[in-house]
Amino acid sequence: MSVRLCGIELAHPVLNGSGTFDAIAARRAFGDELLAQFPFSAFVSKTITPEPRAGNPPPRLWETPSGLINSIGLPNRGLESFLESDLPQLAELGVPLIVSVMGTSHAEFARLVTGVAAREEVSALELNVSCPNVESGLIVGESPGETCSLLEAVRPLTPKPLIVKLTPNVSPAPVAVAAAEGGADAVSLINTLRATATDPGGGRPWLGGGRGGLSGAAVRPIALLQVREVAAAVTVPVIGMGGVSTGAHAGDLIEAGATAVAVGTESFRDPMAGRRVASELERELRRLSSV
Amino acid sequence: MRSAATPGLGARVTASLGRRACEVTRNVQAGGYRIFSALDRDGPEPAAGQFYMLATEAGWSAEEGRPYLARAFSVADCEPGPEGVRLDFLVHAVGPATRRLCALGEGERLWLHGPLGRPFAPPAELAPVTAGAILVGGGIGIAPLALWRRRLAGAGIPSRVLLGFRDSERSGGLDLFRCSEIKLASEDGHRGHHGHVTDLLEVMLEGDDAGSAAVYACGPPAMLEAVRLLCREHGVACELALEAPMACGFGACFGCAVPLAGGGYMRLCVDGPVVGGEEIETALVPGGGGH
Ligand SMILES: Cc1cc2nc3c(=O)[nH]c(=O)nc-3n(C[C@H](O)[C@H](O)[C@H](O)COP(=O)(O)OP(=O)(O)OC[C@H]3O[C@@H](n4cnc5c(N)ncnc54)[C@H](O)[C@@H]3O)c2cc1C
Ligand SMILES: Cc1cc2nc3c(=O)[nH]c(=O)nc-3n(C[C@H](O)[C@H](O)[C@H](O)COP(=O)(O)O)c2cc1C
Ligand code: FES
């Protein structure tokens with residue numbers, strides 16, 4: 001069931017969604033057995049920013065019918081500390097590493113891409129563009145023009161594959177086309193849908209960050225449609241995600257045009273979901289090819 | 001020299017990899033709470049203070065799509081046997097997940113992953129001269145203290161137990177302590193001291209031997225904050241078992257943030273749920289439950 005994604009050989013098509021699996025913390029909780037049975041065929045890091053971030057004040061989670069709103073706020077140790085202490089530990093996982101990065105200007109993105117791509121442990125980079133560009137005030141991933149110009153700025157900095165993570169909060173196909181025109185090697189979608197929740201004890205917002213992003217089973221139908229639309233619009237590979245919890249869901253995304261799929265929220269419920277989805281998918285694909 | 005019973009007392013136990021389906025062997029009323037047991041055939045014996053993420057195999061997501069995510073529960077008691085480890089949980093029905101768990105039938109199966117998190121540390125690790133332990137529990141928060149009392153007793157370390165309940169509806173589980181010397185308080189005066197359990201602690205800390213005990217507490221946030229401040233005032237070391245909303249329990253989601261004394265946040269599922277009183281800014285964790 002191996003697949004090639006931007007020239008990277010993957011043992012199976014199931015990755016993790018950025019920010020939904022901390023392999024270092026998981027190894028601490030479950031021990032080295034995790035490495036022997038690592039659930040994903042490549043590991044996507046949590047989004048790294050140039051400087052350390054503490055993240056949003058709690059509460060950060062709200063459960064919805066079959067879904068989860070998170071307002072985590074990208075806590076991370078910052079680029080330097082990630083490269084120095086996290087990356088060597090992630091290299092021990094024994095699967096290709098994809099590092100997710102987010103900046104608020106071309107200069108910040110350039111610093112991240114240069115610093116991360118220089119490391120031989122890293123196979124590819126994912127650009128998280130769900131943030132405003134401080135220079136234009138526009139959310140990069142919501143604007144085809146901003147996305148194309150960001151890619152043009154960072155594309156020359158590395159030959160390593162660049163994946164653009166698309167937001168479902170605007171129609172993603174035009175942004176995907178712009179990313180590919182700017183030189184992206186692949187696109188991934190969907191990121192979370194903007195959402196909020198009210199404190200049951202009063203009319204105030206529940207989340208410390210005011211609002212957050214919806215993920216999980218509840219977003220699956222939206223992900224399926226958007227993956228189909230994007231896959232029809234671009235020739236670069238598509239990594240599909242959003243509410244995948246079984247091999248059948250993964251199979252639907254692949255049928256819609258995805259080359260690989262990612263599991264996010266389901267890993268919270270089942271830490272080995274990636275492995276389970278991969279084996280269910282294998283059966284699913286065998287069944288499809290035999291009919 | 002450590003006695004034969006002490007090796008490993010307070011040592012963090014690593015979880016078996018992934019979630020497993022465990023059979024429910026018992027579910028009984030305990031005052032206003034329920035105690036149910038599950039047979040964990042493939043897991044280790046947990047340390048006191050550690051927790052499991054639980055979900056029922058059938059009928060999770062039954063009430064209008066919630067509960068969707070697994071929920072955290074402290075292990076209240078456990079017993080290794082020929083077929084596996086029997087895990088006992090004390091549960092208070094406060095919402096869809098806890099209502100579903102309270103209705104578990106014998107022979108039903110439960111998904112669980114764990115044991116997770118940082119357990120209670122022995123008194124000698126908290127303060128060099130401690131002679132014994134004072135256990136302070138409030139409401140459903142008595143659960144992890146029951147196992148801790150048994151483990152301390154097994155290691156020959158004396159402990160005094162102070163438990164408080166709001167009213168007779170919100171009380172139960174005393175039998176889990178398997179000891180007779182428990183000082184009780186209730187806010188409605190239905191049993192024991194009429195008032196807060198922290199009144200009992202205050203009296204105890206004002207006694208001669210105040211400095212020679214380590215305090216362990218679990219309960220509603222307001223109680224924990226009062227314990228923390230009392231211990232600080234009396235120069236007594238304390239550990240608190242906190243709650244925060246948790247989606248994964250193993251460090252994957254960054255949802256369980258608790259403010260640290262020095263600024264920034266910890267992930268309660270991996271750096272807690274047991275924390276030193278001096279490590280945190282406050283025990284009044286936003287969104288951290290308390291019932
Ligand atoms: C480490 C740890 C150990 C624990 N041990 C025990 C134990 O031994 N026994 C026990 O009974 N409980 C224990 N708890 C608490 C238990 O996990 C919660 O009571 C449980 O998650 C509640 O789920 P629910 O669906 O029944 O209630 P919910 O509906 O989730 O409500 C619980 C609280 O969460 C908030 N809330 C309400 N709706 C939502 C929503 N949609 N999304 C997010 N938050 C919401 C509110 O503050 C509410 O009071 C523990 C918690 C932790 C973190
Ligand atoms: C708690 C949480 C944290 C996330 N953090 C990130 C992140 O740091 N960077 C990113 O690109 N996406 C992040 N995501 C989005 C996921 O990678 C994924 O796109 C989304 O959750 C949809 O997939 P799912 O429904 O399978 O979870 C996060 C999602 C969740 C639930
Ligand atoms: S509960 Fe997910 S990181 Fe702590």
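Letters A, B, ... are given to chains in the order of the sequence lines, protein chains preceding strands, and every chain is numbered from 1.
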| task | State the CZ-OG distance between B:R19 and A:S267, to the nearest 0.5 angstrom. | result | 10.5 Å
| field | Heavy-atom contacts under 4.5 Å, residues 13-27 of chain A to chain B | value | A:G19, A:T20, A:F21, A:D22, A:A25, A:A26
| message | Under a 4.5 Å cutoff for heavy-atom pairs, which residue among B:P259, B:P67, B:A70, B:G249 has the most contacts with chain A? | response | B:P67
| Rounded to the nearest 0.5 Å, how far does OG1 of B:T14 lie from CG of A:L34? | 11.5 Å
| said: Quick check on the interface: out of B:F254, B:Y68, B:F250, who has the most heavy-atom pairs with chain A under 4.5 Å? | reply: B:Y68
| field | Residue part contacting chain B, namely of A:P57, when any heavy atom lies under 4.5 Å | value | both
| request: Sort A:W206 into side chain, backbone, both or neither according to what part of it lies under 4.5 angstrom from a heavy atom of chain B. | output: side chain
| Quick one: of A:E266, A:E33, A:R53, A:R275, who has the most non-hydrogen atom pairs under 4.5 Å with chain B? | A:E33
| query | How long is the span from the SG atom in B:C253 to the CG atom in A:N70, to the nearest 0.5 Å? | reply | 8.0 Å
| field | Region of A:T64 in contact with chain B, defined by heavy-atom distances below 4.5 Å | value | backbone
| note | In short, A:F268 meets B:H113 closest at the heavy-atom pair O-CE1, 3.6 Å
| task | Verify, without hydrogens or angle tests, whether A:E63 (side chain) and B:L69 (backbone) share a donor-acceptor contact under 3.5 angstrom. | result | yes
| query | So which part of B:A55 gets closer than 4.5 Å to some heavy atom of chain A, the side chain, the backbone, both or neither? | reply | neither
| Between A:G208, A:A217, A:A273, A:G264, which shows the greatest number of heavy-atom pairs under 4.5 Å with chain B? | A:A217
| task | Quick one: which of B:W111, B:W60, B:Y265 has the most heavy-atom pairs under 4.5 Å with chain A, could you say? | result | B:Y265
| message | To the closest 0.5 Å, what do you measure between CG (A:D270) and SG (B:C248)? | response | 12.5 Å
| Where do B:P286 and A:P58 come nearest, in terms of heavy atoms and distance? | CB-O, 3.4 Å
| task | Could you note down all residue pairs passing salt bridge (Lys or Arg N to Asp or Glu O under 4.0 Å) where residues 195-216 of chain A supplies at least one of them, sequence neighbours left out? | result | A:D199-A:R204
| note | Closest non-hydrogen atoms of A:A54 and B:G264, given as atom of the first, atom of the second and distance, are CB-CA, 4.4 Å
| task | Sort out for me which of A:K46, A:M272, A:R269 touches chain B most, counting heavy-atom pairs under 4.5 Å. | result | A:R269
| task | Grab the two heavy atoms, one from B:A247 and one from A:L61, that are nearest each other, plus how far apart they are. | result | N-CD1, 3.5 Å
| message | Once rounded to the nearest 0.5 Å, what's the spacing between atom CG of B:L17 and atom CZ of A:F38? | response | 10.5 Å
| field | Proximity breakdown for B:R20 and chain A, heavy-atom pairs closer than 4.5 Å | value | neither
